[in-house]
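Throughout, protein chains are lettered first and strands after them, A, B, ... in sequence-line order, and every chain is numbered starting at 1.
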Amino acid sequence: MKLVTAVIKPFKLDEVRAALLAFGVQGMTVSESSGYGRQRGHTEVYRGAEYTVELLPKVRLEILVDDEDSDDVVDVIVRAARTGKIGDGKVWTSTVENVVRVRTGEKGPEAL
Amino acid sequence: MKLVTAVIKPFKLDEVRAALLAFGVQGMTVSESSGYGRQRGHTEVYRGAEYTVELLPKVRLEILVDDEDSDDVVDVIVRAARTGKIGDGKVWTSTVENVVRVRTGEKGPEAL
Amino acid sequence: MKLVTAVIKPFKLDEVRAALLAFGVQGMTVSESSGYGRQRGHTEVYRGAEYTVELLPKVRLEILVDDEDSDDVVDVIVRAARTGKIGDGKVWTSTVENVVRVRTGEKGPEAL
Ligand SMILES: Nc1ncnc2c1ncn2[C@@H]1O[C@H](COP(=O)(O)OP(=O)(O)OP(=O)(O)O)[C@@H](O)[C@H]1O
Ligand SMILES: Nc1ncnc2c1ncn2[C@@H]1O[C@H](COP(=O)(O)OP(=O)(O)OP(=O)(O)O)[C@@H](O)[C@H]1O
Ligand SMILES: Nc1ncnc2c1ncn2[C@@H]1O[C@H](COP(=O)(O)OP(=O)(O)OP(=O)(O)O)[C@@H](O)[C@H]1O
Ligand SMILES: [Mg+2]
Ligand SMILES: [Mg+2]
Ligand SMILES: [Mg+2]
């Protein structure tokens, strides 16, 4: 299985969630977070020389998926989360060795 | 080393924490989160056709463990977190390449 | 690519962030969390025998980096986060298979 993690703009959460449901994703975990990227959170340049690094509010999503779905799930998120403006976010994928569904004790892909 | 991540019902946190301590787990990181699973957070059916996807409050746990403990730690969490009702959560395991204990600089299993 | 995750003392966030910027890290995601380590969050011993396990406030950082930077980034965090007192935190590293920059669709190291 794979874990797809996405850090996106908070106002995009509903759109991304709807796109994931339409794709057939079975579940999702959401956390509030904040962060900066290459622009270091700059929202304005103050007196040219001075700058601050701002941690801007973001939403962090985690989605456990079958191996064969992970590329599609990444694409679904990227398309739904994109505004074309800076700060749209990052999506990354890693390998998960085992998943258990707590209520039933099922393991592996059946646990998703 | 392994990282065991668990998303559970918030009221189960104390029970899971006690079970992990009894097992001998050395530490844990806890974050508030929310999410949905296969029932999409439905708590009631409204007029049959209409439904909303609710993000229900969950607690997210991360536990760094030795390789040989990871299956047991997953079992401990699953048993303590289970109510038998929908929404009990997911537990997953992934590989961690290195861990450092900040105060001492120890690395690897000694850092846990 | 690698994902470096760090759980540190909240008052150390600014120092760690400055050290990472000075190193040249391109971005970071921050979440509030809490946790305990080997001392189980003890802040005082109460009547000798009795103890509670406290979840103390921590900050959780995630930093996506190139493979060749991950050891240095861990070192930068460890040095900046260290106070020498208990509870300074943990830093761990795992492998990330793919990263996408949402705005541009870039993938891999270019997406960082
Ligand atoms: N290297 C990184 N490691 C971890 N999280 C990151 C990293 N870079 C960005 N993020 C997270 O993604 C959020 C959005 O980043 P952002 O989209 O600004 O990246 P960017 O590379 O600067 O792209 P853009 O040029 O489109 O703004 C940040 O607030 C942060 O939470
Ligand atoms: N595929 C998934 N990816 C990431 N997180 C998930 C996923 N599925 C569930 N979760 C997380 O686990 C929480 C609980 O899920 P839940 O126990 O309802 O899963 P389920 O498969 O629907 O099982 P059940 O039928 O017992 O309810 C969700 O609120 C969400 O935070
Ligand atoms: N095994 C672990 N798994 C996950 N998170 C951990 C683990 N151990 C510690 N942490 C996280 O790191 C934070 C700080 O831990 P801490 O620095 O106290 O570790 P420690 O091993 O007890 O080291 P020290 O002896 O220096 O206190 C905890 O509050 C928790 O969030
Ligand atoms: Mg940016
Ligand atoms: Mg469910
Ligand atoms: Mg400690």
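In this view, B:R60 and A:E62, B:E62 satisfy the salt bridge (charged side-chain N to carboxylate O under 4.0 Å, His left out) rule, not counting sequence neighbours. Residues meeting the salt bridge (charged side-chain N to carboxylate O under 4.0 Å, His left out) test with B:D71, sequence neighbours left out: none. Residues forming a side chain to side chain contact (heavy atoms under 4.5 Å, CB included) with B:A6 (at least two apart in sequence, or on another chain): B:I8, B:L61, B:I77, B:V91.
Inspection of non-hydrogen atoms places no residue of residues 99-112 of chain C under 4.5 Å from chain B.
Neither the backbone nor the side chain of C:S70 comes within contact range of chain B; no heavy atoms are under 4.5 Å apart. Looking at B:L13, the atoms closer than 4.5 Å to chain C (heavy atoms on both sides) all sit in the side chain, from C-beta outward. Proximity to chain B is limited to the backbone of C:K85, based on heavy atoms less than 4.5 angstrom apart. Heavy atoms closer than 4.5 Å to chain C are found in both the backbone and the side chain of B:T29.
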**OP:** Determine, step by step, whether C:S94 and B:E97 satisfy the side-chain hydrogen bond (donor to acceptor under 3.5 Å, both in side chains) criterion, reporting the C-alpha distance in whole Å, the side-chain angles of both residues, the deciding distance to 0.1 Å, and the verdict.
**Re:** CA-CA 5 Å; C:S94 59; B:E97 274 132 51; over 6 Å; no
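Between chain B and the residues C:S34, C:G84, C:G35, the largest count of heavy-atom pairs under 4.5 Å involves C:S34.
Contact of the B:V30 side chain with the C:K58 side chain is not registered, since no non-hydrogen atoms from C-beta on lie closer than 4.5 Å. With contacts defined as side-chain heavy-atom distances shorter than 4.5 Å, the pair C:W92/B:N98 does not qualify. Between B:R17 and C:Y36 there is a side-chain heavy-atom pair separated by less than 4.5 Å.
Neither side chain, C:E32 nor B:S31, offers a donor N or O lying under 3.5 Å from an acceptor on the other.
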